[in-house]
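Labels below follow one simple rule: chain letters A, B, ... track the order of the sequence lines, proteins then strands, and each chain is numbered from 1.
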Amino acid sequence: MSQKVRVRFAPSPTGPLHIGGVRTALFNYLFAKKNGGDFILRIEDTDQNRYVDGAEKYIVDALNWCNIPFDEGPSKEGKFGPYRQSERKHLYKKYADELIQKGLAYYAFDTAEKLDFHRKDHESKGKTFIYNWHNRLKLDNSLSLSDDEINKKLNDGVPYVIRFKTPQDQKLQLTDIIRGNIEIDTNILDDKVLYKSDGMPTYHLANIVDDHLMEITHVIRGEEWLPSLALHQQLYDAFEWQAPQFAHLPLIMKPVGKGKLSKRDGEKLGFPVFPLSWNESVGYKETGYFPEAVVNFLALLGWNPGTEQEIFSLEELINEFSLERVNKSGARFDPDKTKWYNQHYLQHADVKTVADSFLNILSSKEVLPQLLETTYIEQVVTLIKERAVFIGDLWGLGDYFFVAPQSYNEKAVKKQWKAGTPDIMQQVFEVIESISDFTSENVEAIVKNWIGEKELSFGKVMPPLRLIIVGDMKGPHLFDIIALIGKAESLERIKKAIATL
RNA sequence: GCUCCAUUAGCAUAGUGGCUAGUGCAUCCGACUUUCUAUCGGAAGACAAGGGUUCGAUUCCCUUAUGGAGUACCA
């Protein structure tokens, strides 16, 4: 009997979704869709202190922008809801109690201060304080206390937590789809808190209970969870539940230096780390990235198809994706590669769509209304988009199609504007004025012919002419520009330059 | 410190017990061009180290080094 694949993305709403989180969501989504399964969003808000307003909405918006919507989640309630752990609070206590009854967990009354003291004390001696089999009988809990004492504390309302009683001297055999088999000695594990004194479960308990209740078949999450896999497996065993399969994704590392990618790296090196803007941090969307490009480069971060293909649509990714081809080692984040992807998507985007977005930018500039015409913009886009990575680059690349140069690049003027230049430009003016068939090819032919006749060099004519038309030594084929902006505008720019330079 | 995970060029990666280890980004050179950040062409560049196993190891095993994660009443 094969079960329907159900995976979940379970972020905690403590801030904006980091790009690494988006990748985790994406891999879950791809795996689910590849296998005809469901992708569930569950909000893990068991830590009330760290809750950030708006973070949940951000997560949902980010997923939608990336085009990886969830099938079930907050506001898309399926039969397994609610999908916020804070709204499932009442569910967890009985599971913690069940473990206590089975003798697999116990009450602990140690105060935070006391534990803190132990930890600091051990640290100062170069050791690590571990709450487990070797010292639990010396601490303040229902294993070390008499029944009377325990009941009195419980009745008196003394705060307590419930800890998992990690068994001694066991070798756990764990399986991870990406990493294979892992063996863990239970003696090095600590008795993790399952239930907090504020009446909320910890991540560990809530996670296992919810994954079980929501019939999750595969847990795909970041590598930072690998060390707690042992606990989770034991919890499934303790409840006598069938555990899902696990896959731990490699971490995304910073572009330079050591460690995992952080918000700071983005600020330092000037690239986004969030899909959408959040306060001062500009997102991928606002920087001008296509969601398709973001999804594409994210997919190749820690996964590859085994072929040389690097460009994938979402559909292709769904087809090709497999957890077996996910890498074991950390994936270094390369901002240049993300640009490369975006440039690719921009070059292959429909000209109409690009022109449309460009129009939005143009509207905010001081451009003559008659130039904001669709076919004109599309022609401009076709000429200049080759060098653009983002749609936002288009203005800097082609402003001269919309406004005459207000100034001329000084260095270029120095180099190109010689004593005889105004005279030559005056002649060019006359040549151009006489042309009636104003196509790029025809203008080029006539001007080049004239240069030949006059025995002038290209270097004396073309660079200054470009300077006049563009204001700088940049842009596509000059005659394409002249033809597009038209005869009248070209003549005007020449006239103006002769007068001012 | 301890536990677990990893290690192919600057970076990301493919691949194989045995021909010149493949690809992309970046780099350098060249071409085109009136210019260039574009495009095209070319070049350079790697199996972390040391031991084994083997006729033979980048590929299997061990050790070391390096990197990563975790070590909370956070997720």
With a 6.0 Å cut-off on the ring centroids, do A/F271 and A/F333 count as close?
yes
Atom NZ of A/K474 to atom C1' of B/rU39: distance rounded to whole Å?
19 Å
Tell me whether A/K93 forms a cation-pi arrangement with A/Y195, defined as NZ or CZ under 6.0 Å from the six-membered ring centre and within 45 degrees of its axis.
yes
Value in whole Å for how far the C1' atom of B/rU39 lies from CH2 of A/W340:
15 Å
Check: A/K328 main-chain N/O paired with A/R179 side-chain donor or acceptor under 3.5 Å
yes
Taking the side chain of A/N327 as heavy atoms from C-beta outward, which of B/rA69, B/rA14, B/rC25 is closest to it?
B/rA14
When rounded to the nearest Å, what value does the distance between C1' atoms of B/rG1 and B/rA57 take?
36 Å
Which nucleotide in the list B/rC25, B/rC5, B/rG68 gets nearest to the side chain of A/L251?
B/rG68
Looking only at atom C1', what distance separates B/rA31 and B/rC19, rounded to whole Å?
34 Å
On a whole-Å scale, what distance lies between the P atoms belonging to B/rG18 and B/rA44?
25 Å
Nearest to the side chain of A/N304, which nucleotide is it out of B/rA75, B/rU13, B/rC5?
B/rU13
Just checking A/G222: base, sugar-phosphate only, or nothing, at a heavy-atom cut-off of under 4.0 Å?
nothing
Side-chain touch A/I43/A/P74, heavy atoms, less than 4.5 angstrom
yes
Students often get this wrong, so: under 4.0 angstrom with heavy atoms, is A/A331 touching a base, only sugar-phosphate, or nothing?
sugar-phosphate
Closer to the 5' end of RNA chain B via nearest nucleotide, is it A/I130 or A/K127?
A/K127
Has the side chain of A/R387 got a donor or acceptor that lies under 3.5 Å from a partner of the other kind on the base of B/rU37?
no
Taking the same atom, C1', in B/rA21 and in B/rC47, what whole-Å distance lies between them?
8 Å
Any side-chain heavy atom of A/Y289 sitting closer than 4.5 Å to one from A/P275?
no
Which part of the nucleic acid does A/D191 contact within heavy-atom distance under 4.0 Å: base, sugar-phosphate only, or nothing?
nothing
Would you please name every residue forming a ring pair (Phe, Tyr, Trp, His ring centres under 6.0 Å) with A/F290, sequence neighbours left out?
none
With rounding to whole Å, what would you report as the distance between B/rC4 and B/rU39 at their P atoms?
48 Å
Taking A/R332 for its side chain and A/M253 for its backbone only, find out whether a donor-acceptor pair lies under 3.5 Å.
no
Could you give the NE2-to-P distance, from A/H348 to B/rA38, as a whole number of Å?
16 Å
Select one nucleotide: of B/rU34, B/rA69, B/rA75, the one nearest the side-chain heavy atoms of A/R50.
B/rA75
With a cut-off of less than 4.0 Å, is there a side-chain N or O of A/K196 near OP1 or OP2 of B/rC74?
yes
Of the candidates B/rA6, B/rC4, B/rG24, the side chain of A/K337 sits closest to B/rG24
Interatomic distance, A/K114 NZ vs B/rA72 C1' [rounded to whole Å]:
18 Å
Would you say a side-chain N or O of A/R179 is under 4.0 Å from OP1 or OP2 of B/rC5?
no
Checking B/rG68, B/rU3, B/rU39 against the side chain of A/E223 (C-beta onward), the nearest is B/rG68
Inter-nucleotide P distance (B/rG22, B/rG15), Å rounded:
14 Å
Provide, to the nearest angstrom, the distance between the NE2 atom belonging to A/H118 and the P atom belonging to B/rC73.
13 Å
Taking any heavy-atom pair under 4.0 Å as a contact, classify A/P476: base, sugar-phosphate, or nothing.
base
Could you provide the dot-bracket string of RNA chain B, using ( ) for intrastrand pairs, [ ] for crossing pairs and | for bases paired to another strand, with Watson-Crick or G-U pairs below 3.5 Å?
(((((((..((((....[...)))).(((((.......)))))....(((((..]....))))))))))))....
B/rA49 versus B/rU66 - spacing of their C1' atoms, nearest Å:
10 Å
Kindly state whether the ring of A/Y58 and the ring of A/W278 have centres lying under 6.0 angstrom apart.
yes
Which nucleotide in the list B/rC73, B/rA69, B/rG24 gets nearest to the side chain of A/L115?
B/rC73
So if I take every side-chain heavy atom of A/R466 and compare against B/rU37, B/rU34, B/rA26, which nucleotide ends up nearest?
B/rU34
Could you tell me whether A/K263 atom NZ has more than 12 heavy atoms of other residues or ligands within 6.0 Å of it?
no
In whole angstrom, what separates A/R119's CZ from B/rC73's P?
5 Å
Regarding A/R23 and the six-membered ring of A/F27, is the cationic atom NZ or CZ under 6.0 Å from the ring centre and inside 45° of its axis?
yes
Testing B/rU3, B/rA26, B/rC5 for proximity to the side chain of A/I188, the answer is B/rU3
From the options B/rU34, B/rA75, B/rA72, select the nucleotide whose nearest atom is closest to the side chain of A/T46.
B/rA75
5′-ward residue of the pair A/I182/A/H477 relative to RNA chain B:
A/I182
Is the phosphate of B/rG15, meaning OP1 or OP2, less than 4.0 Å from a side-chain N or O of A/R325?
yes
Polar pair under 3.5 Å, donor/acceptor by atom type, side chain A/S197, base B/rC73:
yes
Distance in angstrom units between A/Q347 CD and B/rU39 P, rounded
8 Å
Expressed as a whole number of angstroms, how long is the span from A/L298:CG to B/rU13:P?
13 Å
Between B/rA72 and B/rU3, how far apart are the P atoms? Round to whole Å, please.
16 Å
